[in-house]
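Taking it in order: structure first as C-alpha cells, then the write-up.
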Number of protein chains: 2
Amino acid sequence: MPAKRSPARRPTMKDIARRAGVSESAVSFALNGRPGVSDVTRERVRRVAEQLGWRPSTAARALSGEGAATVGLVLARPADTLGVDSFFLQLVSGIQEVLAERHLGLLFQVVEGVPDECAVYRRWWAEHRVDGVLVVDPRTDDPRPALLDELGLPAVVIGGAPDERHPGLSTVWADDAGAMASVVDGLYALGHRRIVHIAGLSGLAHTERRIRTLRAEARRRGLTGVESITTDYSDAEGAAVTRRVLGSAAPPTALIYDNDVMALAGVATATELGFSVPADVSVVAWEDSALCRMVKPWLSALSRDSVEFGRTAARELTALLDGGAAGTVRVPVPRLIERESTGPARGT
Amino acid sequence: MPAKRSPARRPTMKDIARRAGVSESAVSFALNGRPGVSDVTRERVRRVAEQLGWRPSTAARALSGEGAATVGLVLARPADTLGVDSFFLQLVSGIQEVLAERHLGLLFQVVEGVPDECAVYRRWWAEHRVDGVLVVDPRTDDPRPALLDELGLPAVVIGGAPDERHPGLSTVWADDAGAMASVVDGLYALGHRRIVHIAGLSGLAHTERRIRTLRAEARRRGLTGVESITTDYSDAEGAAVTRRVLGSAAPPTALIYDNDVMALAGVATATELGFSVPADVSVVAWEDSALCRMVKPWLSALSRDSVEFGRTAARELTALLDGGAAGTVRVPVPRLIERESTGPARGT
DNA sequence: GAAGCACTCTAAAGCGCTTTAGTACCCGTG
DNA sequence: CACGGGTACTAAAGCGCTTTAGAGTGCTTC
C-alpha cells in the first residue's frame with residue numbers, strides 16, 4: 001500500500017475567524033476592504049490571515065459569484081507550426097506580467113482550428129473557468145466575436161481591426177496597413193517596381209489587411225508586377241514560394257515575408273538559386289527577432305514590441321473585467337529596421 | 001450608461017433535476033456513473049444534460065473536494081530569452097494533447113526565477129487552483145521537489161534525473177549523458193580532438209549532466225583540449241563564446257551548442273571569422289528545429305520529439321492524479337541527425 | 001406473514017466563500 | 001426618557017456540486 005502523503009491543510013476563513021475571535025462574515029469584510037468592521041478588528045484579522053498564510057480559495061470565490069480569477073487564451077494552430085514563431089511566447093510573457101500583478105491566472109490551450117477554439121470557449125464558459133478571454137489571430141468572417149458576445153464573456157481581440165458589430169469586445173491592434181504602406185514607400189524609393197509579398201495564412205485579418213494595402217499601394221503607383229501569395233507561415237512554404245517567384249520570367253526585385261522564419265528560408269533559397277541579397281533581390285521580414293541578426297546578410301525587419309503588445313491586451317482585459325467599457329487601442333505602427341537585406345534595385 | 005449584456009444562463013444540475021423529474025443527487029449519480037440509479041433514469045438524465053448543454057462547474061466541483069481539474073506549468077525564464085526557444089511551445093502542445101482528452105486545463109505562468117516559481121506553487125496550492133504541476137528546468141540543488149512534497153502537490157519533473165529523495169514525484173527525462181557520449185564518439189571518430197561545448201544555463205540539471213559526461217569522455221580518451229562553457233542560451237552569448245574560443249591559440253575543431261539558436265549564431269560568427277564550416281570547424285546543435293535546415297550549411301543536430309516528451313510528461317501526471325504511484329520514465333535518447341555542419345577534422 | 005434484503009431514489013449537510021438581513025449597542029436629540 | 005440613526009458585528013442563506021444517511025419500494029426467505 002502506497003504511503004499516504006500528509007498534505008498540509010489549507011487554512012480557511014473559519015480558522016481565521018476562530019483565531020481572531022470574530023465571525024466569518026467579519027473576516028470576509030475585513031479582508032476585502034468592505035465597511036462593516038472597525039479598523040482595529042480589520043487590522044487584527046489581517047494579521048491573523050497573514051500569519052496563517054491564508055489565501056482565498058478561488059473555487060469558493062468563483063462559486064459565490066466572484067469570478068474565477070482566470071483569463072483564457074487559446075491558440076488555434078497545428079502543433080508543428082507552433083514552435084518556430086517567437087511572437088507568441090513574447091506576447092504571453094507580456095500578458096503574464098500584467099495578470100500576475102492582479103493574481104489572475106492564465107488558462108492556456110492549443111487546439112487545431114477555430115471550431116475547436118469555439119468549443120473551448122463554450123466549455124470554459126459553462127465550466128465557470130474563466131472571467132474573460134484573449135483572442136488571437138482574428139479572421140475575416142470570424143465566428144468568435146459573435147460567440148463571445150452571446151456568452152457574455154468579456155474578451156479582447158488581439159490584432160484585429162475594430163469591429164463595430166460587436167461593441168462588447170475590446171480590440172488591440174497594430175496598423176498593418178500603415179506599416180505596409182511605409183515598407184512599399186521605402187522599396188519604391190529604392191527603385192523597386194516588382195515586389196512580391198509572401199503572406200501568412202489566408203483568412204487571417206491582418207494577412208488580408210496587408211494584402212489589400214499592398215494592392216492599393218501598387219495601383220496608386222501604377223505598378224503591375226506586385227502580388228501577394230499566401231502561405232502557412234512555414235519555412236517550407238516560404239522557400240517553395242521564393243523558388244517559384246524567383247524562377248519566373250521577370251523575377252521580383254523585392255520580397256516581403258510575413259514572418260521571420262519564412263524570410264530566413266527565403267534568403268537561403270534565393271542564395272541557393274544564385275541571387276545575391278540585397279544586390280539582386282531585397283528582403284524584408286515582417287517580425288523582428290534574434291533570427292534576423294543571426295544570418296548574413298542581416299535581415300531588415302519590421303519591428304514591434306510583442307511583449308508590450310501583450311501587456312496592452314492584458315490591461316484592456318482587466319479593465320473590461322473591472323466593469324470598464326470596451327475600447328480600441330492602437331499600438332504603435334511597426335517600425336522598419338533597415339539592416340543589410342534591403343538595398344537599391346538592380347539597375348537604378 | 002453602457003448597455004448591459006444579457007449573458008445566457010448556465011444550466012445547473014438543479015435544472016436537469018427539474019426537467020428529468022428526479023432529485024439533484026440522482027442527477028449527480030447518473031452523470032458520474034455511480035451506482036444508485038436505474039439504467040433508464042441514467043439514460044434520461046444524460047439526455048437532458050446533453051440537451052441543455054450542461055457542463056459541471058469546475059468551481060463547484062473543486063469546492064466539494066474533487067480537485068480543480070487543472071494542472072499548472074510555470075516557466076522561470078526572463079522574458080527575452082523566451083521567444084527564441086522552440087522547445088517549450090512544442091512541449092506544451094504535447095502536454096495539451098493529453099490534458100485536453102481529459103478536459104484538464106493548463107494554468108500557465110512565466111516568472112523571473114525559481115524563488116518566484118516556488119511562490120507561485122504555494123499560491124496555487126493555497127488557492128486550490130491546481131491538482132498537480134509540471135516542473136521544467138530542474139536544477140542541481142533544486143528547492144522545488146521538497147516544496148512540492150511538503151505541499152503534497154502531485155508533480156512530474158521534466159528533464160531531471162530521478163531523485164530518490166522525493167519518491168512522491170515522477171520524473172520524465174532523456175538520457176543526456178548517453179547522447180553526449182554518442183556525439184563525442186562520432187566527433188572522435190572523425191578525428192576531432194579539441195572540442196568545446198557551449199553549454200546552457202549553469203545550474204540546470206541537464207546542463208550539468210552534459211558537462212560531466214563530456215569531461216568523463218575526454219578523460220577516458222586522454223583528451224586535454226576539451227571544455228564546457230556555460231551561457232544563458234542567447235544568440236548573443238553563443239556568438240561571444242564562439243568568437244572567444246575560435247580566437248584562441250589552438251582553436252577547437254568541433255563545437256557542440258546546447259541549443260539551435262546558439263548553434264546558428266555560432267556558425268554565423270565562425271564564418272565571419274573566416275572559419276569554414278565544416279572544413280575548419282564542425283558544429284552540432286543540441287535541439288533540432290526548422291532553423292537547422294534554414295541556414296547553409298544545414299546543421300547537424302540532436303533530435304528528439306519534444307511533442308512526445310510533453311505527452312509523456314502529461315500522461316505521467318494524469319496517472320499520478322488518478323492515484324497511481326510515482327515513477328520514472330526515460331524517453332528515447334536524442335538521435336544525432338548528421339547534416340552538413342559536421343565533417344572530418346582538418347588534417348585527418 | 002413478518003423479517004430481511006437489494007434496489008432506486010430523496011433529503012440534507014458540507015465544501016469556503018460572499019452577501020443580505022438582522023441584532024446589539026452607543027450616541028446625540030427633543 | 002423614548003426616539004432615530006449610525007456603527008460594529010453575527011446569523012444564515014446561497015453559489016453548484018458530492019456524498020452520506022435514510023426512506024420507500026418490491027422480492028425473497030423461512
Side-chain angles (χ1 to χ4, degrees), chain A residues 7-46 48-49 52-70 103 123-129 131, chain B residues 7-46 48-49 52-70 103 123-129 131:
Chain A
R9 209 178 65 82
R10 301 162 175 81
T12 72
M13 284 190 18
K14 194 182 283 179
D15 299 321
I16 301 178
R18 193 157 354 98
R19 293 268 285 248
V22 292
S23 72
E24 273 189 70
S25 355
V27 173
S28 176
F29 294 148
L31 260 19
N32 292 313
R34 280 181 217 277
V37 286
S38 65
D39 287 351
V40 321
T41 308
R42 191 184 299 280
E43 229 355 271
R44 181 156 40 94
V45 168
R46 284 218 171 113
V48 174
L52 256 41
W54 177 86
R55 292 249 71 213
S57 148
T58 40
R61 273 245 164 105
L63 197 51
S64 36
E66 285 296 274
T70 305
H103 291 293
R123 195 152 52 71
W124 279 353
W125 170 80
E127 292 177 352
H128 263 278
R129 265 180 181 281
D131 301 331
Chain B
R9 210 177 65 81
R10 301 162 176 80
T12 72
M13 284 189 18
K14 195 183 283 180
D15 299 321
I16 301 179
R18 194 157 354 100
R19 292 267 285 246
V22 292
S23 72
E24 273 189 70
S25 357
V27 173
S28 176
F29 293 148
L31 261 18
N32 292 312
R34 281 182 215 276
V37 286
S38 64
D39 287 351
V40 321
T41 308
R42 192 183 298 278
E43 229 356 89
R44 181 155 41 96
V45 168
R46 284 217 171 114
V48 174
L52 255 42
W54 177 85
R55 293 249 69 213
S57 148
T58 40
R61 274 244 164 104
L63 198 51
S64 34
E66 286 296 274
T70 305
H103 291 294
R123 195 152 52 70
W124 279 353
W125 170 81
E127 292 178 351
H128 263 276
R129 264 179 182 283
D131 300 330

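In what follows, every chain begins at residue 1, and chains take the letters A, B, ... in the order their sequences are listed.
- Checked by atom type and distance alone, the side chain of B:Arg19 never pairs as donor or acceptor with a backbone atom of B:Val45 at under 3.5 Å.
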Return all side-chain donor-acceptor pairs below 3.5 angstrom for residues 60-67 of chain B, not counting sequence neighbours, or 'none' if the list is empty.
from    : atom 1 : to      : atom 2 : distance (Å)
B:Arg61 : NH2    : B:Asn32 : OD1    : 3.0
B:Ser64 : OG     : B:Ala60 : O      : 2.8
B:Ser64 : OG     : B:Arg61 : O      : 3.4

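- Proximity of A:Thr41 to the phosphate of D:dA8: no side-chain N or O atom is located under 4.0 Å from OP1 or OP2.
- Distance check, rounded to the nearest 0.5 Å: CE of A:Met13 to OG of A:Ser25 gives 7.5 Å.
- Distance alone, capped at 3.5 Å, is enough to place a donor-acceptor pair between the B:Arg42 side chain and the B:Arg34 backbone.
- To the nearest 0.5 angstrom, A:Thr12 atom OG1 is 7.5 Å from A:Arg18 atom CZ.
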Exercise. Can you give one letter per nucleotide of nucleotides 14-19 of chain C, 5' to 3': B if a protein heavy atom sits under 4.0 Å from the base, S if only from the sugar-phosphate, - if neither?
Worked result: BBBBBB
